[in-house]
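As structure tokens, the structure follows; a few thoughts come after it.
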Amino acid sequence: IAGITQAPTSQILAAGRRMTLRCTQDMRHNAMYWYRQDLGLGLRLIHYSNTAGTTGKGEVPDGYSVSRANTDDFPLTLASAVPSQTSVYFCASSDSVGGGEQFFGPGTRLTVL
Amino acid sequence: GQNIDQPTEMTATEGAIVQINCTYQTSGFNGLFWYQQHAGEAPTFLSYNVLDGLEEKGRFSSFLSRSKGYSYLLLKELQMKDSASYLCAVNNGDYKLSFGAGTTVTVRA
């Protein structure tokens, strides 16, 4: 692993199903973030984590949950997917909370039908 | 809330210069970032300004005026590979970045 990885690359999901998007970084960064990117709206923060064991809500947290059991992993869970959650999801990490450059994963394209 | 504005689209000719403006109104300020994003790919870091003035990095430069809530990204000697979206993002001091919607730059031959 080099940098930050996400899985799956893409997924088609039936509405009402549960889905976990995975994110792993090997840079030992303290802070991690989940964004969704929709046409015309740019990147919007869903949840973030300042350090292992802590999480916080971003701009659009409803319908999503996260956990941060260790430094490297930051999964995003959709408990019951809805069509409005169709989007491209990016995970990111940074060495210092908020103040440093954020490194982005390759993204997960999610379609909820 | 946070308000970050940048033009939706810009078109320029190969070899020319393009300036992408970004204005912001945020609850706090702890630096402004510019990211480049090619279609279907992840954003990648271009520049960071926290003090007023111009930061130059090769063909790309970024300017910040905190009193005016204004920044611009200057792309010189445009190349076809510079066709991408350019994202302005503000660290508002509470450990999170707020992004503008992005400016799609198309470079024509």
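No experiment lies behind these values; they were computed from the predicted model shown. Each chain gets a letter, A, B and so on, in the order its sequence line appears, and its residues count up from 1.
- Heavy-atom distances place no part of A:F103 under 4.5 Å from chain B, backbone and side chain included.
- Note on B:Y24: it does not cluster hydrophobically with B:F99, by side-chain heavy-atom contacts below 4.5 Å among ILVMFWY residues.
- Residues B:W34 and A:L45 do not share a hydrophobic cluster, defined by chaining ILVMFWY side chains whose heavy atoms lie under 4.5 Å apart.
- Among A:Y33, A:Y48, A:Y35, the single residue meeting the side chain to side chain contact (heavy atoms under 4.5 Å, CB included) criterion with B:L97 is A:Y35.
- Under a hydrophobic clustering in which Ile, Leu, Val, Met, Phe, Trp and Tyr are joined whenever their side-chain heavy atoms come within less than 4.5 Å, directly or via other members, B:L54 and B:I17 fall into the same cluster.
- Contact detail for A:Q102 and B:Y35: the closest heavy-atom pair is N-OH, 2.9 Å.
- Around the CZ atom of A:R44, the shell of radius 6.0 Å holds more than 12 heavy atoms that belong to other residues, nucleotides or ligands.
- With chain A as the partner, the residue from B:P43, B:G102, B:A101 showing the most heavy-atom pairs under 4.5 Å is B:P43.
- Of the atoms belonging to A:L41, it is backbone heavy atoms, and not side-chain ones, that fall under 4.5 Å from chain B.
- Heavy-atom distances place no part of A:E59 under 4.5 Å from chain B, backbone and side chain included.
- Pairing each heavy atom of B:A42 with each of A:G105, the nearest pair is CB-O, 3.0 Å.
- When the side chains of ILVMFWY residues are joined at heavy-atom separations under 4.5 Å, either directly or via intervening members, A:L13 and A:Y89 end up in a single hydrophobic cluster.
- Around the CD atom of B:Q79, the shell of radius 6.0 Å holds more than 12 heavy atoms that belong to other residues, nucleotides or ligands.
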